[in-house]
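Contents: one structure, followed by commentary.
Below, each value reflects all heavy atoms present in this structure, side chains not excepted, and no hydrogens, waters or symmetry copies.
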Amino acid sequence: MVKKILKFFYRKIVILLFDIILNRKSNKTTFLGSSYGGWKFIELDTLNNSVMISCGVGEDISFDIEMINKYNLNIIFIDPTPRAIDHYKKVLLNLGKKKNINYSKGGMQNVDSYELSNIKNSQLTLIDKAIWKKSEKKKFYFPKNKNNVSLSFSNFDNNYRSDTEYIYVNTLSYNEIINDFNLKSLSLIKLDIEGSELEVIKSILNSKILPDQILVEFDELHTYRLNEIKKYYRLHTLLAEMGYISIKINEFSNQLYIKKNLL
């Protein structure tokens with residue numbers, strides 16, 4: 001019982017610490033998507049007719065679909081997860097159809113909940129690889145709860161063990177995506193990649209093409225491990241040095257970074 005109480009207060013202190021770090025709030029944020037898969041971002045003119053990279057498809061691309069409908073942009077999806085690929089294929093089969101049901105509250109959306117009537121096949125591209133700091137083949141671990149769709153490299157959901165179920169997937173780097181699609185700028189990148197975000201963001205910051213906005217979930221902050229908190233804070237400092245500021249958008253693990261000169 002004492003251990004549980006101490007753990008409870010430790011988590012409260014961690015969350016309070018992040019409230020202090022992420023003390024910037026903005027009434028300029030806009031929310032798109034379902035209650036589960038939606039994100040807040042800053043509306044910028046550069047989003048119109050642009051390209052967005054969305055890493056982590058899962059079974060809810062409500063945010064991405066609404067971004068296409070609002071800004072007429074193209075999306076490059078990155079996800080090697082079998083269930084995510086199946087969900088994406090169902091979306092392609094339903095292009096041209098109107099939304100006829102509301103979003104579900106969980107993370108598995110029925111494709112009938114997407115407004116697909118004006119979306120063209122050319123606006124959607126899926127790369128069935130995982131974004132990483134370099135190209136290689138890596139073990140991709142299943143989560144503890146097999147009902148959940150997302151796999152991870154670090155296997156943090158299984159306490160970082162190496163003896164749980166996995167598949168092998170191919171990876172690619174941010175620079176490879178930029179070069180393969182000949183991108184000269186990037187309006188927004190979304191990273192919901194189950195613990196790979198620290199290494200991926202560091203590789204992004206070493207690129208010549210920096211996104212205007214970075215939407216990211218820092219999944220391993222939910223482990224409340226001191227080492228993960230320290231790694232995050234070092235990255236947060238690096239992002240600030242590169243001209244990004246953080247805007248608090250909901251709970252502490254989901255964050256928005258935007259180039260300071262764009263606000």
A quick test of your reading: do over 12 heavy atoms of other residues, nucleotides or ligands sit less than 6.0 Å from [atom1] of [X]?
{"X": "Asn159", "atom1": "CG", "value": "yes"}
{"X": "Lys138", "atom1": "NZ", "value": "yes"}
{"X": "Lys139", "atom1": "NZ", "value": "yes"}
{"X": "Lys137", "atom1": "NZ", "value": "no"}

Atom of [X], atom of [Y] and distance for their closest heavy-atom approach:
{"X": "Ser113", "Y": "Asn102", "result": "CB-O, 3.8 Å"}
{"X": "Asp64", "Y": "Met52", "result": "OD1-CE, 3.2 Å"}
{"X": "Leu124", "Y": "Ile68", "result": "CD2-CD1, 3.3 Å"}
{"X": "Phe63", "Y": "Leu32", "result": "CD1-O, 3.4 Å"}
{"X": "Ile85", "Y": "Pro80", "result": "CD1-O, 3.7 Å"}
{"X": "Leu151", "Y": "Val149", "result": "CD1-O, 3.3 Å"}

In this structure, would [X] and [Y] fall into the same cluster of hydrophobic residues linked by side-chain contacts under 4.5 Å?
{"X": "Ile101", "Y": "Val91", "result": "no"}
{"X": "Leu198", "Y": "Ile204", "result": "yes"}
{"X": "Met108", "Y": "Leu92", "result": "no"}
{"X": "Met242", "Y": "Ile209", "result": "yes"}

Is any side-chain heavy atom of [X] closer than 4.5 Å to a side-chain heavy atom of [Y]?
{"X": "Lys89", "Y": "Leu126", "answer": "no"}
{"X": "Leu183", "Y": "Val51", "answer": "yes"}
{"X": "Leu238", "Y": "Lys202", "answer": "yes"}
{"X": "Thr30", "Y": "Ile42", "answer": "no"}
{"X": "Tyr88", "Y": "Phe77", "answer": "yes"}
{"X": "Asn74", "Y": "Thr125", "answer": "no"}
{"X": "Trp39", "Y": "Leu256", "answer": "no"}
{"X": "Glu176", "Y": "Ser135", "answer": "yes"}

Check: [X]/[Y] side-chain N/O donor and acceptor closer than 3.5 Å:
{"X": "Tyr257", "Y": "Gln255", "answer": "yes"}
{"X": "Asn170", "Y": "Glu136", "answer": "no"}
{"X": "Gln109", "Y": "Asp60", "answer": "yes"}
{"X": "Lys230", "Y": "Asn227", "answer": "no"}
{"X": "Asn182", "Y": "Lys184", "answer": "yes"}
{"X": "Lys190", "Y": "Ser54", "answer": "yes"}
{"X": "Asn155", "Y": "Thr164", "answer": "yes"}

Query raised in the report: Aromatic rings Tyr166 and Tyr168: how do their planes relate, parallel, tilted or perpendicular, breaks at 30° and 60°?
Result: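 Answer is perpendicular, since the angle exceeds 60°.
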To the closest 0.5 Å, what do you measure between [atom1] ([X]) and [atom2] ([Y])?
{"X": "Ile75", "Y": "Ile119", "atom1": "CD1", "atom2": "CD1", "value": "8.0 Å"}
{"X": "Thr29", "Y": "Phe41", "atom1": "OG1", "atom2": "CZ", "value": "9.0 Å"}
{"X": "Ser154", "Y": "Asp219", "atom1": "OG", "atom2": "CG", "value": "8.5 Å"}
{"X": "Asn179", "Y": "Ser207", "atom1": "CG", "atom2": "OG", "value": "8.0 Å"}
{"X": "Asn48", "Y": "Thr46", "atom1": "CG", "atom2": "OG1", "value": "8.0 Å"}
{"X": "His236", "Y": "Ile201", "atom1": "NE2", "atom2": "CD1", "value": "11.5 Å"}

Report task. Please step through side-chain contact (heavy atoms from CB on, under 4.5 Å) for the pair Ser162 and Tyr141, ending with a clear verdict. Result -> CA-CA 9 Å; Ser162 60; Tyr141 290 93; 3.9 Å; yes
Query raised in the report: Would Ser196 and Glu194 satisfy side-chain hydrogen bond (donor to acceptor under 3.5 Å, both in side chains), going step by step from the backbone distance to the final call?
Result: CA-CA 6 Å; Ser196 301; Glu194 307 302 310; over 6 Å; no
Query raised in the report: Within 45° of the six-membered ring axis of Tyr103 and under 6.0 Å from that ring's centre, is NZ or CZ of Lys99 located there?
Result: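 Ring-cation test returns yes.
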Query - Counterpart residues, side chain to side chain donor-acceptor pair (under 3.5 Å), relative to Asp163 (two or more places apart) - result: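 If we apply the side chain to side chain donor-acceptor pair (under 3.5 Å) test to Asp163, skipping adjacent residues, the hits are Arg161.
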Set of residues satisfying salt bridge (Lys or Arg N to Asp or Glu O under 4.0 Å) with respect to [X], sequence neighbours excluded:
{"X": "Glu66", "value": "none"}
{"X": "Lys231", "value": "Glu228"}
{"X": "Glu165", "value": "none"}

Keeping [X] on the side-chain end and [Y] on the backbone end, is there a donor-acceptor pair under 3.5 Å?
{"X": "Asp157", "Y": "Lys144", "result": "yes"}
{"X": "Asn69", "Y": "Ile65", "result": "yes"}
{"X": "Asn158", "Y": "Tyr160", "result": "no"}

Query raised in the report: Can you list the residues that meet the ring pair (Phe, Tyr, Trp, His ring centres under 6.0 Å) rule with Phe153, with sequence neighbours excluded?
Result: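 Here the qualifying residues are Trp132, Phe140.
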Query raised in the report: Is any NZ, NE, NH1 or NH2 atom of the basic residue among Asp212 and Lys259 found under 4.0 Å from an Asp or Glu carboxylate oxygen of the other?
Result: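 Yes.
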Requested in this report: Decide yes or no on side-chain contact (heavy atoms from CB on, under 4.5 Å) for Ile53 and Tyr174, but give the supporting numbers first.
Outcome: CA-CA 10 Å; Ile53 297 175; Tyr174 173 78; 4.3 Å; yes
Query - All pairs passing salt bridge (Lys or Arg N to Asp or Glu O under 4.0 Å) where residues 68-88 contributes a residue, at least two apart - result: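 Matches after skipping sequence neighbours: Glu43-Lys70, Glu59-Arg83.
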Requested in this report: Please check if the distance between the ring centroids of His87 and Tyr114 is under 6.0 Å.
Outcome: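 That pair passes the under 6.0 Å test.
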Query raised in the report: What do the steps show when you test Ile131 against Ile177 for side-chain contact (heavy atoms from CB on, under 4.5 Å), and what is the final call?
Result: CA-CA 9 Å; Ile131 192 168; Ile177 302 168; 3.9 Å; yes
Query - Worked check of side-chain contact (heavy atoms from CB on, under 4.5 Å) between Ser187 and Gln213 - result: CA-CA 6 Å; Ser187 59; Gln213 301 184 66; over 6 Å; no
Report task. Run through Ile214, Leu235, Val216 and flag the one making a side chain to side chain contact (heavy atoms under 4.5 Å, CB included) with Glu197. Result ->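 Going through Ile214, Leu235, Val216 one by one, the side chain to side chain contact (heavy atoms under 4.5 Å, CB included) with Glu197 is satisfied by Val216 alone.
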